[in-house]
Amino acid sequence: MKSVTMLYFAQLSAQAGCAEERWETDVSSLQELFAELKQQHTWTLSLNKVRFARNDAFCAADESFDDGDVLAIMPPMSGG
Amino acid sequence: MKSVTMLYFAQLSAQAGCAEERWETDVSSLQELFAELKQQHTWTLSLNKVRFARNDAFCAADESFDDGDVLAIMPPMSGG
Amino acid sequence: MFTLSHKAIAVEPLRQSLLRLDAGGFCSFEGWVRNHHLGRGVERLEYEAYAKLALTQGAAVLDAAQEQFDLLGVRAEHRIGELVPGELAVWVGVCSVHRDQAFEACRFIIDEIKATVPIWKHEFYTDRSNEWVDPTACHCDHRHVAETEVQT
Amino acid sequence: MFTLSHKAIAVEPLRQSLLRLDAGGFCSFEGWVRNHHLGRGVERLEYEAYAKLALTQGAAVLDAAQEQFDLLGVRAEHRIGELVPGELAVWVGVCSVHRDQAFEACRFIIDEIKATVPIWKHEFYTDRSNEWVDPTACHCDHRHVAETEVQT
């Protein structure tokens with residue numbers, strides 16, 4: 001069991017009802033974590049739409065993570 | 001014989017020693033006028049490099065002109 | 001340098017930071033908040049950023065532009081927080097010896113900022129609805145479909 | 001509107017003249033006087049214009065841009081007279097609903113101004129020579145050969 005800090009943005013944060021939370025999980029990759037959280041928060045965006053960051057750096061969906069990591073899930077960017 | 005006001009710019013003006021002059025001529029087109037003035041002022045630019053204006057509007061090299069016209073001969077532009 | 005600003009972007013200091021005696025061409029792009037989007041009136045919007053990652057990714061975009069083009073200076077700033085139509089959302093400026101490279105790099109930078117810097121636009125419409133803009137949901141050039149929440 | 005200025009070009013009023021609530025993208029280009037040209041140091045330069053024709057031709061270039069692109073505003077100003085390195089020679093600004101058209105129109109306008117508006121650049125070099133710049137005398141992208149007169 002790993003404990004991580006999750007960061008959510010934009011509609012993911014709005015749908016989750018929070019921008020940040022602690023999360024305990026047994027899964028090993030970010031994409032598995034996303035599936036778990038998508039169900040938990042009834043997110044409407046699919047995996048191919050989101051981007052991940054691990055400890056403030058972009059990372060791939062199949063990246064693993066460690067206990068204590070800060071993990072971000074981001075919807076499509078819309079700056080500019 | 002027609003009498004016109006000639007306007008010269010940039011190196012054409014520098015080589016002619018004046019930016020404007022009255023000119024009396026028997027030729028009928030601007031390109032003939034240019035040939036006449038090129039010899040007079042020992043201009044180094046050839047016909048295919050210059051542009052003409054008649055009474056403050058661009059015109060073609062084979063344009064004719066009238067007594068009293070203001071005719072401009074311009075080297076390649078280099079603004080910007 | 002890529003920066004985020006919570007206050008109105010001041011164009012002139014940004015521009016002046018790029019002035020150089022050996023530069024011949026300067027190109028800037030500004031994204032302005034429009035009062036309309038896909039046929040709906042826009043009353044205001046909010047930009048949210050993942051600030052830490054936005055700063056490193058914004059810097060990476062400018063670095064990539066300097067590698068790819070022959071530039072003498074680059075600078076970009078993105079506004080964060082609440083904006084109304086007419087306000088400046090993003091400023092990009094580039095200078096180079098010749099104009100070709102300035103134009104191309106400026107275009108590259110704004111395209112990359114929009115696509116890769118973690119900033120999100122929340123639009124609030126005059127009909128009281130609001131929407132997180134999703135450029136990837138385009139059905140064509142100018143039509144988006146995304147989650148719309150009607151304010152209660 | 002295309003204008004000629006005998007004084008330093010003031011960027012901010014030009015830019016502000018284009019602000020519109022329905023525009024989303026603004027692109028500007030500035031031509032700066034460089035302190036070098038083809039390997040020679042530039043000390044100063046003079047822009048000479050056929051003012052009357054420059055104004056009508058400049059306006060025609062902006063009209064052509066508005067016909068060819070989907071624009072909400074265009075503005076350009078060219079400096080005339082004596083300039084030193086670092087000064088602004090020409091400013092072009094364009095706004096549109098989307099950035100594509102703004103970038104393309106801005107590029108079109110500066111290219112057309114350079115090629116068709118009757119303005120001439122007389123460069124004075126640090127070696128005391130001077131030259132009327134002739135862009136058509138290029139042997140390649142970045143090398144000009146034109147009449148050089150050594151000042152006496």
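In what follows, every heavy atom counts, from backbone to side chain, and hydrogens, waters and symmetry copies are set aside. No experiment lies behind these values; they were computed from the predicted model shown. So that the names make sense, note that chain A is the first sequence line, chain B the second, and so on, each numbered from 1.
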Under a 4.5 Å heavy-atom cutoff, which of [options] has the most pairs with chain C?
{"options": "S28(D), G25(D), G86(D)", "value": "S28(D)"}
{"options": "G93(D), C106(D), G31(D)", "value": "C106(D)"}
{"options": "P85(D), A23(D), C27(D)", "value": "A23(D)"}
{"options": "V11(D), N35(D), L88(D)", "value": "N35(D)"}

Note to self: Please report the interatomic distance CD(E30(D)) to CD(E87(D)), rounded to the nearest 0.5 Å.
What the structure shows: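 Between E30(D) CD and E87(D) CD, I get 12.5 Å after rounding to 0.5 Å.
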Problem - Segment of V97(C) engaging chain D (4.5 angstrom heavy-atom cut-off) - result: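 For V97(C), backbone and side chain are both near chain D.
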- Message: Between C95(C) and chain D, with a heavy-atom cut-off of 4.5 Å, which part of the residue counts as in contact: side chain, backbone, both or neither?
- Response: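 Interface part for C95(C): side chain.
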Distance-only, no hydrogens or angles: does the Q66(C) side chain make a donor-acceptor pair with backbone N or O of D63(C) under 3.5 Å?
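Not confirmed, Q66(C) side chain does not pair with D63(C) backbone.
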Open item on the list: Measuring centre to centre across the rings, with the benzene-like ring taken for any Trp, is W32(C) within less than 6.0 Å of F26(D)?
Closed with: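 They qualify: ring centres under 6.0 Å apart.
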| query | Using the benzene-type ring in the case of Trp, are the ring centres of F103(C) and F103(D) under 6.0 Å apart? | reply |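 Here the rings of F103(D) and F103(C) have centres that are no less than 6.0 Å from each other.
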Quiz item: How about H37(D) and E123(D): does a side-chain donor come under 3.5 Å of a side-chain acceptor?
Solution: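 Short answer, yes.
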